[in-house]
Amino acid sequence: MDERPKKVSLVLAVNGERFELPCVDPSTTLLHFLRSETCFKSPKLGCGEGGCGACVVLVSKYDPNLKKVEDFSVSSCLTLLCSLNGCSITTSEGLGNTRDGFHSIHERFAGFHASQCGFCTPGMCMSFFSALVNADKGNKSDPPPGFSKLTSSEAEKAITGNLCRCTGYRPIADACKSFAADVDIEDLGFNSFWKKGDSKEVKVSKLPPYDPKNFSTYPEFLKSESTTNSESSRRYPWYSPVSIEELRSLLNSNVTENGASFKLVVGNTGTGYYKETQRYDHYIDLRYIPEPSIIKRDQSGIEVGATVTISKLISFLKEENKVNLGSYGTLVSQKLASHMEKIASPFVRNSASVGGNLVMAQKIGFPSDIATLFLGLSATVRLMTSHGFEKLTWEDLLSRPPLDSRTVLLSVCIPFKQDQSSLQIHSKFLFETFRTAPRPHGSALAYINAAFQADVSLCQKGLLINNMQLAFGAYGTKYATRAKKVEEYLTGKILNIHVLYEALKLVKLEVVPEDGTLHPEYRSSLAVSYVYEFLHPFTDVHSAISGGLLNGISDISVEELSKSCNDGCISQGREQTLLSSAKQVVELSTEYYPVGEPMKKVGAAMQAAGEAVYVDDIPSPPNCLHGAFIYSTKPLAGVKGIQLESNRSTDGVTTIITSKDIPSGGANVGVISMSDPESLFADDLARCAGDRIALVVADSQRSADVAARTALVEYDTENICSPILTVEEAVEKSSFFQIPPYMNPKQVGDFSKGMSEADHKILSAEIRLGSEYYFYMETQTALAIPDEDNCMVVYTSSQCPENMHHVIANCLGVPEHNIRVITRRVGGGFGGKGVRSMPVSTACALAAYKLRRPVKICVNRNSDMIMTGGRHPMKVTYSVGFKSSGKITALHLDILINAGITEDVSPIVPSNVIKALKKYDWGALSFNVKLCKTNLTSKSAMRAPGEVQGSYIAEAIIEHVASLLSMEVDSVRNKNFHTFESLNLFYDNIVAVGEYTLPSIMDKLAVSSSFFQRSKMIEQFNQNNIWKKRGISRVPIVYEVMQRPTSGKVSILQDGSIVVEVGGIEIGQGLWTKVRQMTAYALGLIDSNWAEDLVEKVRVIQADTLSLVQAGFTAGSTTSETSCEAVRLCCDTLVERLTPLKKQLQEQNGSVDWPMLILQAQAQSVSLAANSYYVPESGSMSYLNFGAAVSEVEINILTGETAILQSDIIYDCGQSLNPAVDLGQIEGAFVQGIGFFMHEEYLTNKDGLMVSNSTWTYKIPTIDTIPQNFNVHVVNSGHHEKRVLSSKASGEPPLLLAASVHCAARAAVKAAREQLKLWGKLDGSVSEFYLDVPATLPVVKTQCGMDYVEKYLESLLAQKSN
């Protein structure tokens, strides 16, 4: 055979445009091609792992034989370009855009307020569009006009794999469900399409129209093109064999000889988990070989080809089969499909192959679900080896050494059980699969997965187990395993409680994770729960106890579970559905129209279409280089040298930038914040794991990333002190940052006196809170371009460009007028794009300055997570005195805050903690707060920095007091609620009469959420259910914010259009939208009839540090309102100038419109630009925000899983500047808070290096983890004299309300412990326990009891023996 690759061009279409590529590096991903070689920037690089959905596009393939187009979504960051020959790619711009008109998906996302920062929105739209396209091809009946064939549930499921950090998902779900044929239009949330009171028909008519026939995903010209399989460039050949023989020939040819590396490719999704740092000599695409791509099923079983995608297998398993599969075949098909839908996300399953998944499990120990399922089903596999073909069991293959590179998995066969006639009479088959993961509907690896099958017979004494197979996987061993000792023990036994109890003891001994596995005891406990859940319905207990014991395990009754099935098969029903509901109440005001209108966010449709420009979307200039950081993996070590690995992947490296490259006159400075500057690069000593050591500069971002990842740093730890990694070590070594005296919070009352009045005391109780990563969707990004005369232009994703400007000038040693920093918009910030963005842009500018070439840095997600720091961890020790009534008389706290290695903005945190904690009347409050300096990455401001911890600490103390007194927590909260007088005592007389709205909010919330009625219903539920428990909690917040000075500029152009510049940065919080409304209102004071038209004339433009000075920074929730006030001051100046002219023109002409006024102003040389600098009055800089939430949570005792059944929020926005924007902020902040309290584990190794630094290991909330019923009421509390048009902040305070979810989970855990006490099996107190933050599944299960199942069975056995 001639092994030389044919020279054939790669041909594909992108948004209908033809691309012919004669030479392609086969390691090129589709995302890289789209972003660097086309004008389409909507697919974003969010993670590079297939874990966020920001890069999703639609791929369409044409089958000339069937004359059909297949459409499916893919993660373009993982998809190799060479695999797409003859395909058509559709990105969000291809659906619609500013010039050609937006698609109805874009318009509905905008109208339902479903886009905030907008970085994730195009990918979200494409995930949904893929589902839409495929649903409308289906055989369902035609939907009503304007709708699709999708169901509401399918619409929500379409976006389960897409991450959003801003919105809280609820409006996204509504936008998607608005297309569903079965949607009740009345259930859809707040939007800009219809008004309250519109009929259903009117509402439907106002939705942007959708017609599936209006869009073609595959252009006609491609159908006629030759779809010859592409062979790529000479250096990196890409082969696409079309037969097994050709593949065998290739593998035994010179392609694989002489040490040449080659890669077998199907979907390439494995690179999302195992990062590749090498390039291969050859790529072999297996998808065109017929044998491994088949899938068939008959009565004997299912045969699945290795290149079949997981999605295709799911679809196949769900299909109605013409052949009678028998009950077992049908059951297996259903269970496999249901389980596989929880693996990864739709856009990964569409590319990922079954064989690839299995081979990763066999060769590298990937924690695969499919490997476990096939082990449980006794699957066999067919291999092609260098010697021939081999067939063996999957279990045997798992026990062999890793497959060599020339062995190819061809297919897997799942056998169905024999025909009924050959079995004992009454024999039945049981089959069930299990998985428990941080997210219920996929996009998360399981803590443990399992597949069980059993052959059982009914006999007089009960259920006889004839045969049993128990497979477990992903629990911390290299491969999936079978619990053979348990199988042997159970086989031949009559199932009863005693047999089950003994079997579970064996399970715990046999399913043991390897050393170093996270949460090992939890994983073993889950294995016990699974076996219990599988077998318990069939124990003899059910003949004695009629039907009650299984409530909460399953949605179907015990009788249905254990009844005799004629066809010999029993199935257990545990299906989870995903369908959210929500209600929004928004109180509007027209007093300052158009301010107060719920206008949709400026540019939301443009964001959805992917046309909004972020830093990485700016086309790289010619000669542009790319940078990646080398960071320390040691917490305190000398840096002796850096060695780059020499391989083809690091081709293109230009240089390494270190502190030695800082120009003379410049300084090694990367951050200037409150006092001490922070070094840009470690000189000779790295001071924390994650410390910046150097910047690799290369000709591509990939080369730079690989070089940085594989760089070898030589450390020297001799004669260096041991690092300080904990707050305890910091105290021991007196390692602290000073808190300036003016920032020290004030104590209240006399602690000793308060303690002497107490009836009860809790002394030295402890709370620990961990860190949290920002997880903005756009990572830290900068582009630096050298300009004339030693100047530099830096484009950056920053919340504080002005401060960054100052740092860059200091580092380069140039005057500040030589530096220009530009920020248009930021793809999510949450505080992480404040101080922590400065070193990235400074390093970028330094590299560009030294090399005299443009340099771009897009920090990859893994490095961003390690280097950026996050929320401040804390250790709190408290002593509290209280009366028997629950009234607290005194509280003292010792708070140790882990600030990390540099000061950053940490000195603000102590005051923030105490202010939020003061929401209750503690009688006397004293505290001692220390800011600990440790060898960890610097912690920085993160949305509600200090406040979220302080508010939670207050709740934890209240709960502790209630538990000691055996009182209802809510009544203890009420006992310690502030009066107007005590509030002003604690908050220095900050609140005016009539502004303390919290008591009325709490009362309203109790009514609207039916809090007291539901509390009683929950008590009843908990009594009636063994394995599911519920809790409910009502939590208030008091949140102090402070305005800061900021500048503004308004210019009116010749045609009457208006350009506005403000100090605030648009980071998704709707600042531009509010500013636009304020501009229209303030200029409309010239003539109130003009205000509505003026809104459309306003454009807010990017921040430019040389155009607008003294801009300040965007943080603390008040920048929108201060930017609005700065603009109002500008407009007041312009109104003052234009009003006399308008009067003059009216007298002359009788009437005057805006264009005429501006034309005349130009003619008469009236200045049409105004600057302002808004400085808040000292007496009104700070004010309090109020809100409250009720949350109800259900826990599964067997697994520790939590489900938020309902959350109700009432929040006081004053007189909202834009209620739609504020509603989005409230929901988004609350859901981000759920992440902190329930999901996000910030894990580090012994050196303090973050190890949960990927989408695989760090889990922010997804659409399946938000409240199932999510109700928000935005209160208009009327006139507030000292506020900006009576408005109040909304960005951060609602995040604190998510503590209600944690408190409700604690109440549910308490109910589980009460049940243990009833059985006489509780070790410790029912109510005195601490539920860690975040309350992840292992945490919840730990506090319920890892041996809960065993204790339950022991109580049953004790009952029987009595």
Side-chain angles (χ1 to χ4, degrees), residues 63 65-66 70 241-248 264 266-267 285-341 343 349-362 368-385 388-398 400 403 407-419 429 431 433 451 453 469 471 480 569:
D63 186 327
N65 300 321
L66 297 174
E70 179 191 359
V242 294
S243 68
I244 293 283
E245 293 71 30
E246 192 181 343
L247 172 62
R248 179 191 285 285
L264 302 178
V266 181
D285 185 352
L286 303 178
R287 294 171 309 144
Y288 295 94
I289 306 170
E291 290 92 325
S293 59
I294 54 143
I295 179 166
K296 59 187 179 187
R297 170 173 57 177
D298 58 27
Q299 286 176 315
S300 66
I302 306 169
E303 187 181 352
V304 186
T307 64
V308 170
T309 64
I310 298 172
S311 287
K312 279 194 176 154
L313 178 54
I314 292 168
S315 300
F316 179 81
L317 292 169
K318 282 175 148 185
E319 279 171 17
E320 293 293 324
N321 203 280
K322 290 169 187 168
V323 180
N324 178 13
L325 300 174
S327 57
Y328 183 77
T330 304
L331 172 66
V332 167
S333 297
Q334 288 169 351
K335 293 291 179 186
L336 284 179
S338 174
H339 190 112
M340 287 183 182
E341 282 188 310
I343 298 171
R349 293 195 297 264
N350 291 339
S351 305
S353 67
V354 173
N357 185 288
L358 294 175
V359 169
M360 282 204 308
Q362 200 276 343
S368 159
D369 280 78
I370 298 175
T372 308
L373 298 178
F374 287 2
L375 180 62
L377 287 164
S378 307
T380 57
V381 295
R382 186 164 172 262
L383 303 174
M384 185 185 83
T385 70
F389 297 94
E390 186 179 1
K391 193 171 183 182
L392 69 163
T393 67
W394 171 236
E395 185 174 6
D396 286 344
L397 185 59
L398 280 176
R400 285 189 180 183
L403 293 173
T407 299
V408 181
L409 175 65
L410 296 177
S411 64
V412 186
C413 187
I414 300 164
F416 288 163
K417 293 297 180 186
Q418 300 162 11
D419 196 39
F429 288 115
F431 178 66
T433 75
Q453 60 168 321
Q469 230 165 279
C569 204

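- With hydrogens and angles disregarded, a donor-acceptor distance shorter than 3.5 Å links the side chain of E246 to the backbone of V242.
- Within the 3.5 Å criterion, the main-chain N or O of F429 finds no donor-acceptor partner in the side chain of Q453.
- A pairwise comparison of heavy atoms in V308 and L313 identifies CG1-N, 4.0 Å as the closest pair.
- For the pair R297 and F416, the cation-pi criterion (under 6.0 Å, within 45° of the ring axis) is not fulfilled.
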- request: Assess whether side chain to side chain contact (heavy atoms under 4.5 Å, CB included) is satisfied between E390 and T407, documenting all intermediate values.
  value: CA-CA 10 Å; E390 186 179 1; T407 299; over 6 Å; no

- prompt: Does the side chain to side chain contact (heavy atoms under 4.5 Å, CB included) test come out yes or no for I244 and I289, once each step is laid out?
  reply: CA-CA 7 Å; I244 293 283; I289 306 170; 4.0 Å; yes

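- Screening I294, I414, I295 against E303 for a side chain to side chain contact (heavy atoms under 4.5 Å, CB included) leaves a single residue, I294.
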- prompt: Stepwise, does the side chain to side chain contact (heavy atoms under 4.5 Å, CB included) test hold for M340 with L373?
  reply: CA-CA 9 Å; M340 287 183 182; L373 298 178; 4.2 Å; yes

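- When side chains are defined from C-beta on, L392 counts as touching R400, because their heavy atoms get closer than 4.5 Å.
- Of the inter-residue distances, the one linking L317 atom CG with H339 atom NE2 reads 12.5 Å to the nearest 0.5 angstrom.
- Rounding to the nearest 0.5 Å gives a distance of 11.5 Å between CD of Q334 and CZ of F431.
- In this structure, OG in S353 is found 8.5 Å from CE in M360, a value given to the nearest 0.5 Å.
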Verdict with supporting geometry, V412 and F374, side chain to side chain contact (heavy atoms under 4.5 Å, CB included): CA-CA 9 Å; V412 186; F374 287 2; 3.5 Å; yes

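- Between the CG atom of L375 and the CD atom of Q469 there is a distance of 7.0 Å, given to the nearest 0.5 Å.
- A donor-acceptor pair is defined here as one N or O able to donate and one able to accept, closer than 3.5 Å; no such pair exists between the side chain of R382 and the backbone of F389.
- Of all the heavy atoms in V266 and L286, the pair that sits closest is CG2-CB, 4.2 Å.
- One finds the OG1 atom of T385 at 10.0 Å from the CG atom of L410 (value rounded to the nearest 0.5 Å).
- The distance from the CG atom of L397 to the CG atom of L403 is 5.0 Å, given to the nearest 0.5 Å.
- Side-chain atoms of R287 never come within 3.5 Å of backbone atoms of T307 as a donor-acceptor pair (strictly under, hydrogens ignored).
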